[in-house]
Amino acid sequence: MISLLAALDARMQREAQLTFFEYMVLFEQPARTMQMSALAGRTAASLSRLSHVVGRLEKRELLARNRIPGSGRRTTATLTEAGYEVVVAAAPGHVAAVREYLIDDLEPRELAALRRIGAALDAATKRKQPDAGTAASPPPEAPTIHSGPRHTAD
């Protein structure tokens, strides 16, 4: 898992000039605005780490933060039009990287096992961290992986 995440991060930086975590922060906002605490849960980040990254994305005008009126220190992060364009442009490369590094070399039974393992891990971590956010769904324009492995003739 560590080498997969490192490869995805390196490719994202090379192709989209974003870290993998920055991409996830932008990608996890299908409604374009989300409370920072919810975004932290969806990206499995501390509020401190998220705040630092959102600050960098704000400087690039990809996100904007707004304080929620009332008591407390509640803040939303809003995906700007430029941020949305970056996510839409980066998504096909990210999907291609996931296919290349993980999906394409798996046989159908291995892919089915990976789905079961992923679901079990997701359920276990949610049980152990009840304050974690819910699973994310991609923006409508973001490509998703639907097909099984590709095999080429030798």
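In this text, all values refer to a predicted model and were calculated from it rather than measured experimentally.
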To the nearest 0.5 Å, how far apart are CD1 in Ile103 and CG in Leu114? 6.0 Å
Please determine whether a side-chain nitrogen of the Lys or Arg among Glu81 and Arg32 lies less than 4.0 Å from a carboxylate oxygen of the Asp or Glu. yes
Report yes if some heavy atom in the side chain of Phe21 is under 4.5 Å from a heavy atom in the side chain of Arg49; otherwise report no. yes
Evaluate Gln35 against Ile68 for side-chain contact (heavy atoms from CB on, under 4.5 Å), listing each step before the verdict. CA-CA 9 Å; Gln35 195 166 331; Ile68 298 173; 3.9 Å; yes
Should Val54 and Met36 count as side-chain neighbours, where that means a heavy-atom distance under 4.5 Å? yes
Straight-line distance of Glu110 CD to Arg115 CZ, nearest 0.5 Å: 12.5 Å
Taking the side chain as every heavy atom from C-beta outward, state whether Pro69 and Arg74 have any pair of such atoms under 4.5 Å apart. no
As a quick check of understanding, evaluate side-chain contact (heavy atoms from CB on, under 4.5 Å) for Met12 and Glu22, giving each step before the final call. CA-CA 10 Å; Met12 183 64 65; Glu22 288 169 338; over 6 Å; no
Is there a side-chain contact (heavy atoms from CB on, under 4.5 Å) between His94 and Glu15? Walk through the geometry before answering. CA-CA 9 Å; His94 174 62; Glu15 294 179 1; over 6 Å; no
Which atom of Leu47 lies closest to which atom of Ala40, heavy atoms considered: CD2-CB, 3.9 Å
Is the shortest heavy-atom distance from the side chain of Leu18 to the side chain of Arg60 under 4.5 Å? yes
Evaluate whether atom CD of Glu61 has more than 12 neighbouring non-hydrogen atoms of other residues, nucleotides or ligands under 6.0 angstrom away. no
With a 4.5 Å limit on heavy-atom distance, are the side chains of Leu79 and Leu62 in contact? no
OG1 of Thr19 to CG of Asp9: how many Å apart, nearest 0.5 Å? 6.0 Å
Rounded to the nearest 0.5 Å, how far apart are CG of Leu63 and CZ of Arg56? 11.5 Å
Spacing of Arg116 atom CZ and Leu111 atom CG [to the nearest 0.5 Å]: 10.0 Å
Are the side chains of Thr43 and Val53 in contact, using a 4.5 Å heavy-atom criterion? no
Tell me the closest heavy-atom pair linking Tyr101 and Leu8, and the distance in Å. CD1-CD2, 3.9 Å
Is there a side-chain contact between Gln13 and Phe20, using heavy atoms and a 4.5 Å cut-off? no
If you measure from OG on Ser46 to NE2 on His52, what distance do you get to the nearest 0.5 Å? 11.0 Å
From the list Val25, Thr75, Thr33, side-chain contact (heavy atoms from CB on, under 4.5 Å) partner of Leu39 resolves to Val25
Contact summary for Thr80 and Ala64, nearest pair of heavy atoms: CG2-N, 4.2 Å
Quick one: name the residues clustered hydrophobically with Leu121, using the 4.5 Å side-chain heavy-atom rule over I, L, V, M, F, W, Y, and just say none if it's on its own. Ile117
